[in-house]
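Order of the sequence lines sets the chain letters (A, B, ...), proteins ahead of strands, with each chain counted from 1. All values below were derived from every heavy atom in this structure, side-chain atoms included, with hydrogens, water molecules and symmetry-related copies excluded.
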Amino acid sequence: MIANVIVDVASQNTNRPFDYEIPEKFEGIVQPGVRVIVPFGPRKILGYVISLSETSSFSSVKKITDVLDVIPTLTQELLHLGKWLSNYTLSYYISCLQVMLPQVMKAKYRKELWKLSDEPLDSALDAVFDGRGVMDFEEFEQSGISYHILRKHMNEGEVDVHYEVKSRETKKLKAVVAPAVSPIDMEEKLEDLPPQAKKQRAIVEYFLQQPEPLDKKRLLDHLQTTPAALKPLVEQNVLKEYKQEVFRDPYGGREFKRTTPFTLTDEQETAIRPILSTIEKQEHDVFLLHGVTGSGKTEVYMQSIQQVLDKGEEAIMLVPEIALTPQMVERFKGRFGSKVAVLHSALSAGEKYDEWRKIQRQEVQVVVGARSAIFAPFTNLGLIIIDEEHETSYKQEDRTRYHARDVAVQRAKTHHCPVVLGSATPSLETYARAAKGNYQLLTLSKRMNEAVMPEVELVDMREELHSGNRSMFSIPLKEKIEERLARKEQVVLFLNRRGYSTFVMCRDCGHVSECPHCDIALTYHKRQNRLKCHYCSHEEPMPEKCPECESKTIRYFGTGTQKVEEALQELIPEARIIRMDVDTTRRKGAHERLLTQFGEGKADILLGTQMIAKGLDFGNVTLVGVLAADAMLNLPDFRASEKTFQLLTQVSGRAGRHEKSGEVVVQTYTPEHYSIELASTYDYEQFFQEEMKLRKAFRYPPYYYLTLFTISHPNQLKAEEATRKITMFMQQKLSGQAHVLGPTPSALARINNRYRYQCMVKYKKEPEQRKFVERILHYYEDEMKQENGLQITVDFQPYQLM
DNA sequence: TTGGTGATGCAC
DNA sequence: TGCATCACCAAA
């Protein structure tokens, strides 16, 4: 039998299966999806068996060296999905297979030098061996001994270079103690024990009562003793001690309050019915659950999942990374108990691996996780849910540039099951599809418990400035914060850190310099003191005064959380503030700890970035402040308005979720901007209409699809030249309907001393496009291999345009 | 991607 | 001529 193997070498020439003979001892074990170690050239590497065949067209096949799995790591479905993913993202098959698995399952390679004879070698070499038989090859390289000497010894058969493939997987073990002899022998032993050996007696007595193996630590704790008492018993073979694998449980030792399904409101009932019937009929369909914040989307998800579980099938629920708050986990663990696995980036590599294996062993039926959880190795998927569907974290922005939504639909098609996309502020793409009838639209327009959306007050910061307030806190916001402090209520203050010092605005009239061709804020380039558009090649000098009102207060913008915290403390000295940003939450568990503190009322104000915009549910929060609503609005991104609207809506949803009603203060320099104005009245529909007009006029999604080439090279001219060629090639090959823009310097014009240029394709339908892109990549293959050569990345449907 | 191979160039 | 470095190519 022959195994067709995808090897762990990401390159153009190896992006196809290699044939290996299956040695007799591995017959029946080697099957599609199993990881194997195979000889490849002079070394040994990891590979994935994708299929078996009777014969090979290749004349001299080598044998599989070793097999790493008993159960296949990848299911047949995931192998196919990987193939699809590699076509869809134009990346190597091996990269796609790796992206579906936990990090620890990637191989670790070691190159070693082995000494084979006892004879003395070259004295310098012997000195490095220092009496050992094996050393890391790196040690040899660092010793500076010439390869000549090595070669000579190798020819003599005295040393050899050895390649090791190691799995990074580590299994956590715990010590277990169990009786090694029969109860009768134990009783005998008990009598033999000297009377002063009280602790030993206690241990033996314990096992006489209950002979089951027991965790060593628990045994010692239970009997209030130490390993010293256990040791003689093990040595005399009365008891035995051995290691047993335990699954790391990130939520171990925690009690989750069981919850039962709520009675659905009429609206929820109407929304869930089509989902349930699709699950029942085993059909594929995509639903958009459009529900205002606090409308009980989660309950609809959970009851849909329940239906899937009742049928004996499994469900995946994706949530954005930052929304995977303990509160969310609690709700799922509370409802589904041990049927749930949780996968997100805050888990350690080992924890992720163990959660993943729970899925693989079919020990759980529900996965709640971030983007990559979409690859959960379930075999009977009955439902996929993507919560906060509009979140950009569902798009992977490196190597295998996939969108979890697309993968979800792909998997759901194979499993004949529905996909539910949920959001209070759906992405325009999704809402447009729902409006066209491609997706089924389900709406929840009312908050639960008859709560109303909090009142939003827009504060015009230009007026604040005119009245002499130069601080970042408006008078109304300051007053309202003080009011809450007096009432012992809590405040959430939100600051966008994105958009730091990049856009230019007039502090007097709010005028923002925009590109005349793109309706996008210009980016300020400090070095040349010029404004540039990041989509087309437009640029202009940084204005001395506002072109609109001639004021001289025009300048670039940006503020960090730390500065805000200091200013706030100065403004309201008695306030107890918790700051949450990348700096304060870097440490493991810090995120959760800070939130718990806030929840327990140990602080009055929670100040933070994006990460506090989602999922928080604290009843005592009655005021939410947005410090700079414009910050995001002026990013060089055609989705800037959409993101602003989404963010303001999400943040507003944090206030007044329970009995106490909430209030929101939004500070802005452009209160008249449609995305800010419409967010303040929670008018999604109107916002959608407005934004769609612009998208249409400027040929952006959902009217057009985008393909973004980013080309970089240490030499600016080279980068630009290659981009120009690519642009021209695409222009030539694509139909007249496509718009090919470029070459344009990237918004991040230089990273790591590489100059970056872009080419953007806007198109409606170009079925041949991938072929042309492949030709480009093939054409530049050689130049891309060089270390300091060209680098070309292609992103189909990019989210990150920088 | 890695490592062996043959070509090339430099110092003696 | 000997040795180091480099570009190239194959990997089952």
Contact between A:Trp356 and A:Val104 at the side-chain level, heavy atoms closer than 4.5 Å - yes or no?
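Not touching, per the 4.5 Å side-chain cut-off.
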Please tell me whether [X] and [Y] have a donor and an acceptor in their side chains that are separated by less than 3.5 angstrom.
| X | Y | value |
| --- | --- | --- |
| A:Tyr109 | A:Asp8 | yes |
| A:Asp406 | A:Tyr88 | yes |
| A:Arg35 | A:Thr73 | yes |

The contact string for nucleotides 4-12 of chain C, one letter per nucleotide 5' to 3', using protein heavy atoms under 4.0 Å with B, S and - for base, sugar-phosphate only and none, comes out as S------BB
Rounded to whole Å, please give me the gap between [atom1] in [X] and [atom2] in [N].
| X | N | atom1 | atom2 | answer |
| --- | --- | --- | --- | --- |
| A:Tyr109 | B:dT1 | OH | C1' | 10 Å |
| A:Ile149 | C:dC3 | CD1 | C1' | 12 Å |
| A:Leu150 | C:dC3 | CG | P | 15 Å |
| A:Arg151 | C:dC3 | CZ | P | 12 Å |
| A:Asn15 | B:dT1 | CG | P | 13 Å |
| A:Gln98 | B:dT1 | CD | P | 12 Å |

Relative to the ring of A:Tyr700, is the ring of A:Phe638 parallel (under 30°), tilted (30 to 60°) or perpendicular (over 60°)?
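Correct class here is parallel.
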So what does A:Tyr92 hit on the nucleic acid, given a heavy-atom distance under 4.0 Å: a base, only sugar-phosphate, or nothing?
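Touches nothing.
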Test A:Ser427 against every option in A:Glu391, A:His390, A:Glu389 by the side chain to side chain donor-acceptor pair (under 3.5 Å) rule and name the one that passes.
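Only one option passes, and that is A:Glu389.
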